[in-house]
Undergrad: 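Here it is: the structure, laid out below.
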Amino acid sequence: LAQAFGQGAPHGVAMALSMALSRLPLLLLLAAAAPARTRAGEPPPRLVIVNGSFVRSSDGARVVPLGGNYIVKAQPYFPERHVVERNARALAEGAARMAFRPSDGRAVVPVVRLGVLFEGAMPSQAGVFDPTWMAKLEDTVQAFADAGVYVFLDIHQDALAASSGGEGFPVWMTEMMQETAGEVPDCSTCHARNSYITSPEHPLACSLYELRPLLRRLGFDLPVPKIANSTDPWRAYSVGGGAGDPRRMNVGNINMRINNCDAAWSSGVLVMSQQVQNVAWRLYRSPKYPAEKAMFFDPYVAFVKHLCRVWAQHSNVIAVELLNEPPVGGLPDLHAARGVRSDLFDFYAAVTRALDADSSVPRAPLAVEDITGNNGQVALTLALLDAIGIESVISKDSIQALSRYASTGRLVLSFHWYPPFNSDDSMATWISSARRLAEVIGGTPIYMSEYFSHARNDVAREMAEAVEKGCDAVTYWHYADIDYTGTDGWFIGPDFVGEDFRIDWNSWAAYEPTVANGTYW
């Protein structure tokens, strides 16, 4: 199924996008009955959801989509068409030659989880789509269709936005949150000093200083941001800083780069920042308040509607995933953080209602993830959730809204399997937990949309194991065409932050001008 897959911490952003091993014929190691053949250039038949399983519409056969994540986390957002075509053919040919056959008789079909970033679609202002990005998305989906490869459209994010060192949501949104920081409804503790962006006035800062005693009891250090260059560290590429396009802060500010590299991710320094905690909490609650809804929720729904139309135009698109690894929000306010899971599912339910209220929107299936995506890789996050007693209750109204979607074959539960380091959490435990939640929201298929292992054989074995333990679709982290990029992942250029956080300043000096002039890849 794969040409290359990720190694190292699986979520470093920007240039440390996903490290890769060599070209890898997983097809020789893995699994599957050959998919139904289509004539060259003929789109594959639509997959539909029947009784919690994926079914091929052309012949009613039960299938299990298997493949990899395919996500470029910064410009150009999608590889060139000829690269996608080559990768798509490799995936399709690999699936056709696989030897493993699921014991329940399901046929395997090749799939990618394609990253579609809100920041790329709507980069400059609410409601205004970038036609270049839209055309690239169409080209990419069609290239996979031509090879018979299915696609999950994943609204990907890590640490939410470039203004907090991550990617996903557009900076104009976080800038708007900053401008209205003192006007948040139903929030007695909110004030204009709250940080939603990173700038000299709002330095990247940990949200957990007040919780240091709790962290010590849990055995964790405070995840404090690192500084590589202490001269006005947060001005470069900041909103209002006059030192570069703020949409490039995650790649152009060296102090962001030392905090968003693979080596930094597992510390939780970005996801536990004041910026991410404030943006996430406010985003999830935005459908409830008219002004917040107009500023933040409605533009996001407009993006989802566009992706639903892409689904309608391409039979190989399976579903639209609403949010990758939704972060905890509201910390250090424990009351706010305890309610964040309920807020998240209320947000999902509001999306379903908004889509159904617009008769012009195709009835595309949606995929949803629980808070953090059940991502155990940032062990601090899971430990905190357990310690503060996050509410497990999902509102009855939200369950009803999601169950209505599920009853019409339009809902998938996505989850990630990254057991905490030094943990013996088994895959079976995580799959069982996902299945229970899937039943709560209406009996949906369960999709293990990310998992990772360093060893090639383990990636193959674990994919097959996930199928046998009941997953309805599986994609590993991460597919990258390293022959094209000439590096270890989806980036072109020097890798200048080492695993020991040391900066190769000569490499940085060569790379930094490409961010300034917009030619970085």
Side-chain angles (χ1 to χ4, degrees), residues 8-9 11-19 72-76 117 119 157-171 174-175 178 195-206 222-276 279 485 487-521:
H11 289 288
V13 300
M15 228 170 72
L17 294 176
S18 72
M19 305 302 287
V72 180
K73 296 186 179 184
Q75 72 168 36
L117 275 63
E119 67 174 58
Q157 68 79 34
D158 297 288
L160 290 174
S163 53
S164 49
E167 89 292 325
F169 281 73
V171 168
T174 57
E175 182 178 4
Q178 191 64 66
S195 295
Y196 293 87
I197 60 171
T198 307
S199 68
E201 297 76 27
H202 298 277
L204 187 70
C206 179
L222 197 69
V224 178
K226 297 180 182 297
I227 300 293
N229 183 346
S230 60
T231 303
D232 206 359
W234 304 115
R235 181 168 301 281
Y237 297 93
S238 63
V239 171
D245 187 338
R247 295 175 296 183
R248 303 173 187 170
M249 191 177 197
N250 57 350
V251 295
N253 184 300
I254 189 60
N255 295 302
M256 280 302 192
R257 299 308 299 270
I258 202 171
N259 288 288
N260 68 18
C261 65
D262 279 347
W265 187 259
S266 60
S267 71
V269 65
L270 291 185
V271 294
M272 289 299 166
S273 68
Q274 294 176 10
Q275 285 81 355
V276 169
V279 171
T485 63
T487 64
D488 289 331
W490 282 125
F491 65 93
I492 297 175
D495 192 1
F496 41 78
V497 183
E499 291 187 7
D500 57 359
F501 297 102
R502 292 184 180 180
I503 306 296
D504 181 337
W505 289 105
N506 290 330
S507 293
W508 174 251
Y511 174 77
E512 188 177 19
T514 70
V515 179
N517 64 28
T519 60
Y520 67 96
W521 201 110

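Fair warning: this is a prediction, and the values are worked out from it, not measured in the lab. All residue numbers in this chain count up from 1 along the given sequence.
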Undergrad: Is there a side-chain contact between R247 and E119 in this structure, where contact means two heavy atoms from C-beta onward sitting under 4.5 Å apart?
TA: no

Undergrad: Give me the ring orientation class for Y520 and Y511: parallel if the planes are under 30° apart, tilted from 30 to 60°, perpendicular past 60°.
TA: perpendicular

Undergrad: Determine whether a donor-acceptor pair (N or O, by modelled atom type, separation under 3.5 Å) exists between the side chain of N253 and the backbone of P233.
TA: yes

Undergrad: Do L117 and V72 make a side-chain contact, defined as non-hydrogen atoms from C-beta onward lying under 4.5 Å apart?
TA: no

Undergrad: Is there a side-chain contact between H202 and Y196, using heavy atoms and a 4.5 Å cut-off?
TA: no

Undergrad: Any heavy-atom pair between the side chains of P200 and D232 that's under 4.5 Å?
TA: yes

Undergrad: Is there a side-chain contact between I254 and I503, using heavy atoms and a 4.5 Å cut-off?
TA: yes

Undergrad: Apply side-chain hydrogen bond (donor to acceptor under 3.5 Å, both in side chains) to N517 and list each qualifying residue two or more places apart in sequence or on a separate chain.
TA: T519

Undergrad: With side-chain contact (heavy atoms from CB on, under 4.5 Å) as the criterion, how do N260 and N250 come out once you've worked through the C-alpha distance, each side chain's angles and the decisive distance to 0.1 Å?
TA: CA-CA 8 Å; N260 68 18; N250 57 350; 4.0 Å; yes

Undergrad: Do V239 and S199 have side-chain heavy atoms sitting under 4.5 Å apart?
TA: no

Undergrad: Between Q275 (side chain only) and I197 (backbone N and O only), is there a donor and an acceptor less than 3.5 Å apart?
TA: yes

Undergrad: Should Y237 and M256 count as side-chain neighbours, where that means a heavy-atom distance under 4.5 Å?
TA: no

Undergrad: Between W265 and V271, is a side-chain contact (heavy atoms from CB on, under 4.5 Å) present by the stated rule, with each step listed?
TA: CA-CA 9 Å; W265 187 259; V271 294; 3.8 Å; yes

Undergrad: Give, for atom CH2 of W234 and atom CG of N255, the distance between the pair rounded to the nearest 0.5 Å.
TA: 5.0 Å

Undergrad: Could you tell me the separation between the OG atom of S267 and the NZ atom of K226, rounded to the nearest 0.5 Å?
TA: 7.5 Å

Undergrad: Are V224 and V269 side-chain neighbours, meaning at least one heavy-atom pair lies under 4.5 Å?
TA: no

Undergrad: Please check this pair: side chain of T198 against backbone of S163, looking for a donor-acceptor N/O pair closer than 3.5 Å.
TA: yes

Undergrad: Is there a side-chain contact (heavy atoms from CB on, under 4.5 Å) between W490 and W521? Walk through the geometry before answering.
TA: CA-CA 8 Å; W490 282 125; W521 201 110; 3.8 Å; yes

